[in-house]
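Input: a single structure, listed below in structure tokens.
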Amino acid sequence: MSRRMIHKRRICIVEYSPEEYSRHYIVQALFKLMSEYEYEKIKVTDVAMKAGVGRATFYRYFKTKNEVLIYYFEHYRKEFEFARRFYPRCKEDYVAVAESVFTMFKEHKDAFVLIRKARLEYIYLDYLNRQFAKMFRREGREGSDYLPYIYAGMLFNISMGWLDNDCAEHPAALAETVVNAIYWE
């Protein structure tokens with residue numbers, strides 16, 4: 001099986017393995033169950049049954065339900081990076097990247113509403129902290145060891161505030177605000 005991904009002026013065929021399908025079904029099952037039940041009351045057996053896989057399959061890919069959420073973040077981070085194949089060099093580039101981030105967040109708003117309802121936002125914040133730290137190391141950015149946490153914290157807090165406001169502001173306006181707060185000309 002494959003899925004067609006369309007990115008501005010290019011079409012890519014992405015092949016998914018059976019393992020990726022199983023992971024996808026597990027993620028979808030967890031979110032469906034989260035919309036119906038309290039997170040703490042959802043058992044791995046429930047997720048596996050809803051996903052149409054066995055418990056052993058669940059545990060082949062994930063140790064905990066929280067790891068399912070981390071996989072969800074990681075999957076969409078990779079998709080985001082695939083779509084953005086350039087390094088920002090000016091303020092307008094940073095605004096475009098930030099707008100893309102907020103657009104993707106808004107597309108996944110329902111999942112974040114469920115995560116927030118279950119009081120699992122800390123998983124998202126931890127994920128952002130790790131990703132920004134990796135990015136800063138990879139890019140060899142100089143400065144404070146705490147700088148990645150400033151960026152992660154800002155993105156997290158703005159995302160959660162925006163979510164609480166039902167993502168009412170346009171992603172471009174939000175991106176402009178964020179970049180203006182951190183971009184020094």
Side-chain angles (χ1 to χ4, degrees), residues 3-12 14 24 27-28 30-31 34-35 39 65-185:
R3 177 176 88 150
R4 188 174 270 210
M5 296 176 64
I6 300 174
H7 297 286
K8 294 180 184 173
R9 297 191 192 139
R10 68 176 182 225
I11 297 174
C12 302
V14 179
H24 171 77
V27 168
Q28 295 308 309
L30 179 60
F31 281 123
M34 287 173 68
S35 70
Y39 184 76
K65 294 182 299 183
N66 288 3
E67 281 190 10
V68 175
L69 298 176
I70 293 166
Y71 171 80
Y72 175 77
F73 300 142
E74 184 66 9
H75 174 78
Y76 286 105
R77 180 196 60 82
K78 287 177 182 177
E79 188 174 293
F80 177 81
E81 285 182 357
F82 179 77
R84 311 245 7 123
R85 295 268 183 194
F86 71 92
Y87 290 101
R89 293 183 287 174
C90 62
K91 183 178 178 180
E92 291 75 22
D93 290 350
Y94 283 103
V95 171
V97 170
E99 183 178 355
S100 295
V101 168
F102 290 120
T103 298
M104 183 175 247
F105 183 90
K106 189 172 184 173
E107 290 168 358
H108 296 271
K109 180 176 90 169
D110 294 342
F112 281 99
V113 166
L114 293 171
I115 290 166
R116 191 134 168 108
K117 177 182 155 203
R119 300 194 183 283
L120 299 171
E121 307 98 314
Y122 69 92
I123 296 171
Y124 180 52
L125 177 58
D126 289 345
Y127 181 79
L128 289 174
N129 282 330
R130 284 191 307 277
Q131 292 309 309
F132 273 96
K134 279 185 203 174
M135 181 182 72
F136 274 60
R137 278 192 306 274
R138 185 177 61 242
E139 294 177 2
R141 289 198 187 180
E142 300 282 327
S144 169
D145 291 340
Y146 301 106
L147 197 54
Y149 303 114
I150 292 170
Y151 281 79
M154 180 176 57
L155 179 58
F156 171 78
N157 284 306
I158 290 170
S159 298
M160 292 300 108
W162 191 41
L163 184 66
D164 291 344
N165 197 27
D166 198 32
C167 299
E169 295 84 4
H170 192 278
L174 202 55
E176 189 76 34
T177 300
V178 168
V179 172
N180 284 338
I182 60 174
Y183 194 90
W184 302 98
E185 292 188 274

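It should be emphasised that the depicted structure is a prediction, and the values quoted were computed from it without experimental measurement.
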State the CZ-CD distance between F73 and Q131, to the nearest 0.5 angstrom.
11.0 Å
Taking atom CG of L163 and atom CG of D110, what is their separation to the nearest 0.5 Å?
9.5 Å
So how far is it from M154 CE to S159 OG, rounded to the nearest 0.5 Å?
10.0 Å
Passes side chain to side chain contact (heavy atoms under 4.5 Å, CB included), L69 versus L30? Steps please.
CA-CA 9 Å; L69 298 176; L30 179 60; 4.0 Å; yes
Could you tell me whether the side chain of N165 and the main chain of G161 form a donor-acceptor pair under 3.5 Å?
no
Applying salt bridge (charged side-chain N to carboxylate O under 4.0 Å, His left out), which residue pairs with at least one partner in residues 144-163 are found, sequence neighbours left out?
none
Considering residues at least two apart in sequence or located in another chain, which fulfil the salt bridge (charged side-chain N to carboxylate O under 4.0 Å, His left out) criterion with E67?
none
Holding to side-chain hydrogen bond (donor to acceptor under 3.5 Å, both in side chains), I want the full list of residues that pass it with D166, two or more places apart in sequence or in another chain.
K109
Would you call E121 and F112 a side-chain contact if the rule is heavy atoms closer than 4.5 Å?
no
Suppose we screen for side-chain hydrogen bond (donor to acceptor under 3.5 Å, both in side chains). Which residues come up paired with R130, at least two apart in sequence or across chains?
none
Listed by chain and number, what are the salt bridge (charged side-chain N to carboxylate O under 4.0 Å, His left out) partners of K117, not counting sequence neighbours?
none
Partners meeting side-chain hydrogen bond (donor to acceptor under 3.5 Å, both in side chains) with D93 (sequence neighbours left out):
none
Residues in salt bridge (charged side-chain N to carboxylate O under 4.0 Å, His left out) with D126, at least two apart?
none
For Y39, all residues meeting ring-ring contact (aromatic ring centres under 6.0 Å, His included), sequence neighbours excluded:
none
Using side-chain heavy atoms (C-beta onward) and a distance below 4.5 Å, is S35 in contact with L114?
yes
May I have the list of side-chain donor-acceptor pairs in residues 172-180 shorter than 3.5 Å, sequence neighbours left out?
| from | atom 1 | to | atom 2 | distance (Å) |
| --- | --- | --- | --- | --- |
| T177 | OG1 | A173 | O | 3.0 |
| N180 | OD1 | K91 | NZ | 2.5 |
| N180 | ND2 | E176 | O | 3.2 |

Flag for Y127-R77: side-chain donor and acceptor within less than 3.5 Å:
yes
How long is the gap from CH2 on W162 to CG on L155, to the nearest 0.5 Å?
10.5 Å
With a 4.5 Å heavy-atom cut-off, do H75 and H24 have their side chains touching?
no
I'd like to check D164 versus R116 (side-chain heavy atoms, cut-off strictly below 4.5 Å). Are they in contact?
yes
Considering residues, nucleotides and ligands other than R138, do more than 12 of their heavy atoms fall under 6.0 Å from its CZ?
yes
4.5 Å side-chain heavy-atom contact, F105 and P171
no
So ring-ring contact (aromatic ring centres under 6.0 Å, His included) across residues 132-155, not counting sequence neighbours, yields F136-Y151
Considering residues at least two apart in sequence or located in another chain, which fulfil the ring-ring contact (aromatic ring centres under 6.0 Å, His included) criterion with Y72?
F31, Y76, H108
Taking only residues two or more places apart in sequence or in another chain, which ones pass side-chain hydrogen bond (donor to acceptor under 3.5 Å, both in side chains) with H170?
none
